[in-house]
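Chain naming here is simple, since letters A, B, ... match the order of the sequence lines and numbering starts at 1 in each.
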Amino acid sequence: MAEKPTIPKGTRDFSPAEVVKRNYIFDTIKQVFRLYGFQPIETPAMENLSTLMGKYGEEGDKLLFKILNSGDYLSRASDDLLREKDSVKLTSQLSEKGLRYDLTVPFARYVVQYRNDIVFPFRRYQIQPVWRADRPQKGRYREFFQCDVDVIGSNSLLNEAELIQIIDDIFKRLKLNTVVKLNNRKILAGIAELIGQREHLTDITVAIDKLEKIGLDHVNAELAGKGIPAEAIQKLQPVLALKGTTSEILSRLEEILSQSVTGMNGLEETKTILRYLDAMDLSISVELDLTLARGLNYYTGAIIEVKTTDMKMGSICGGGRYDDLTGIFGLPDISGVGVSFGAERIYDVLEHLNLFPQEYPEITRVLFVNFGEREEAYCLPVLERIRREGINAEIYPENAKMKKQLNYANKKEIPFVALAGESEMTAQKFTLKNMSTGVQQLVTPEEMIRILLQTSAR
RNA sequence: GUGGAUGUAGUUCAGUUGGUUAGAACGCUGGAUUGUGGUUCCAGAGGUCGCCGGUUCAAAUCCGGUCUUCCACCCCA
């Protein structure tokens, strides 16, 4: 016996039921994106390694999937490097392509490459899989989908506000209760500046980010561990202790940050965004959260993260403003802002809360039971008419036992079954059975179409 | 990358100090029911116990390796 086939670690197959549910999420997201004037782009699964390397930090480079060159790749590698067995150096000779790690960097590449054809501000969305050679865990895969929306080439804070509006719209449609956490990199920079630790901004934000998770004492310990003087940590305490409503925190920050130009700048931006949001009549609540840091270093302004209040789960959407993403590809001073929806996590949340709809456009709405050749011939034209009406319909392909055919409908969750035997054929009608209620009625093809369209969810 | 668990029918799990033909429930297939499913009853199929190797008269059980899945850290979606 051959061994059972498997798929690579951290990858998944999706069954019909799963694909249908995933499409529900993707379709909802896409619909809203389009509604706000965003257009889709797609980029290749693989990029040149030179495009990807160095964009995600040292850790990120390790997590890149690299693609071996084609042909006799070893013959072109230097003998010295082969003998040295230095993987990093050798890789550059054996591989020049890699699988994309996220959608943001390929997007930046795209913008730079087609800068003369793109109409700015460029509003694009992109829903594609990305790959990371991470160690898999639950909710963490080596292949997963990202849904990114970005506006590039506009400094207006209206973009930030609109993205939050989009978030509100999407999660409203998905019937998920969420909160938006808002912060600003400039506020964090201002804080670092005031305690005299500007060069430790990253360490400080990474540590502050963990406040909720590991508590104040551990955060302070971690800060000390990063070489930040006790005096500076002491100065940081009032900020870490800030609590209250967004407006309370804002006014307290105004005092604290008054000596920092950058900090005040970030504060002003935040207030502007909040003012825009006031005019938008959102149902989602937006809170200022200073502990929100987001790992990635390329954010320069607003930082956004979304959490569900319905269950314990990490963020399901996040993003922010980045001022110089295209700079690394030689096109400086183009500002962008965007967010990414974590489809896999949203899936887990909806599944856990049972929020997926019962009916999907993909599901067959009516199954014609097959009683034999004559009955088949009677059903086929009607089946054809029903399909023309846009109703998903199928006929059981063989004259199997009734029990088996109804069971098939049950398992596929087909809501209606049409039966036609001797009596129906002479009456030129069908018996239409509702599989959930068990009720059945004798109807003409026209009536059947009407019922099927009426009861359809959409 | 570091540390820790896990793996037995399709699924969830039993399996005594190593000892004959490895069990249950659910699911599956068929029948009771020649045109009526989700209930019930009856019957049946299905496992070289993740994979490779070692110890032993004897391994699902002990040991080593490997892979998978999961958990914590790191990082992240």
Classify the angle between the aromatic ring planes of [X] and [Y] as parallel (below 30°), tilted (30 to 60°) or perpendicular (above 60°).
{"X": "A/Tyr360", "Y": "A/Tyr24", "answer": "perpendicular"}
{"X": "A/Tyr101", "Y": "A/Tyr56", "answer": "tilted"}
{"X": "A/Tyr322", "Y": "A/Tyr299", "answer": "tilted"}

Rounded interatomic separation in angstrom, taking [atom1] from [X] and [atom2] from [N]:
{"X": "A/Leu63", "N": "B/C74", "atom1": "CG", "atom2": "P", "answer": "15 Å"}
{"X": "A/Phe341", "N": "B/A77", "atom1": "CZ", "atom2": "P", "answer": "14 Å"}
{"X": "A/Leu406", "N": "B/U33", "atom1": "CG", "atom2": "C1'", "answer": "13 Å"}

Problem set entry | Residue met sooner reading RNA chain B from 5', once A/Lys62 and A/Ile316 are mapped to nucleotides |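 On the 5' side of the pair lies A/Lys62.
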Problem set entry | Nearest-nucleotide comparison on RNA chain B, the residue closer to the 5′ end among A/Phe144 and A/Lys9 |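 It is A/Lys9 whose nearest nucleotide is closer to the 5' end.
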Hey, does [X] reach any base, or is it just sugar-phosphate, or nothing, if we go heavy atoms under 4.0 Å?
{"X": "A/Gln405", "answer": "nothing"}
{"X": "A/Gly60", "answer": "nothing"}
{"X": "A/Glu424", "answer": "base"}
{"X": "A/Thr437", "answer": "nothing"}
{"X": "A/Gly372", "answer": "nothing"}
{"X": "A/Tyr141", "answer": "base"}

Look at the side-chain N and O atoms of [X] and state whether any lies under 4.0 Å from the OP1 or OP2 oxygen of [N].
{"X": "A/Lys411", "N": "B/G37", "result": "no"}
{"X": "A/Lys210", "N": "B/C74", "result": "yes"}
{"X": "A/Gln137", "N": "B/U69", "result": "no"}
{"X": "A/Lys403", "N": "B/G37", "result": "no"}
{"X": "A/Lys404", "N": "B/G30", "result": "yes"}

For [N] versus [M], give the span between their [atom1] atoms, rounded off to a whole number of Å.
{"N": "B/U34", "M": "B/G27", "atom1": "P", "result": "23 Å"}
{"N": "B/U21", "M": "B/A25", "atom1": "C1'", "result": "22 Å"}
{"N": "B/G23", "M": "B/G47", "atom1": "P", "result": "14 Å"}
{"N": "B/C49", "M": "B/C62", "atom1": "C1'", "result": "15 Å"}
{"N": "B/A22", "M": "B/G3", "atom1": "C1'", "result": "35 Å"}
{"N": "B/C26", "M": "B/U68", "atom1": "C1'", "result": "25 Å"}
{"N": "B/U8", "M": "B/G15", "atom1": "P", "result": "14 Å"}
{"N": "B/G1", "M": "B/C67", "atom1": "P", "result": "11 Å"}

Does [N] pair with anything, Watson-Crick or G-U wobble, both distances under 3.5 Å, and if so, with which nucleotide?
{"N": "B/U68", "result": "none"}
{"N": "B/A24", "result": "B/U12"}
{"N": "B/G1", "result": "B/C73"}
{"N": "B/G47", "result": "none"}
{"N": "B/U33", "result": "none"}

Could a donor-acceptor pair under 3.5 angstrom be found where the side chain of [X] meets the base of [N]?
{"X": "A/Glu413", "N": "B/G38", "result": "no"}
{"X": "A/Lys433", "N": "B/U36", "result": "yes"}
{"X": "A/Asn407", "N": "B/G37", "result": "no"}
{"X": "A/Arg135", "N": "B/C76", "result": "no"}

In terms of side-chain geometry, is the basic nitrogen of [X] or [Y] positioned less than 4.0 Å from the acidic oxygen of its partner?
{"X": "A/Arg142", "Y": "A/Asp134", "answer": "no"}
{"X": "A/Glu351", "Y": "A/Lys21", "answer": "yes"}
{"X": "A/Arg22", "Y": "A/Glu344", "answer": "yes"}

Exercise. Could you walk me through whether A/Phe38 and A/Tyr125 pass the ring-ring contact (aromatic ring centres under 6.0 Å, His included) check?
Worked result: CA-CA 6 Å; A/Phe38 288 85; A/Tyr125 72 85; 7.7 Å; no
Nearest-nucleotide pick for [X], side chain only, options being [options]:
{"X": "A/Val206", "options": "B/C75, B/G37, B/G35", "result": "B/C75"}
{"X": "A/Arg345", "options": "B/G30, B/G35, B/C76", "result": "B/C76"}
{"X": "A/Lys401", "options": "B/G30, B/C76, B/G35", "result": "B/G30"}

For this session: Any chance you could lay out the ring-ring contact (aromatic ring centres under 6.0 Å, His included) test for A/Phe341 and A/Phe171, step after step, and finish with the verdict?
Result: CA-CA 10 Å; A/Phe341 289 79; A/Phe171 289 118; 5.8 Å; yes
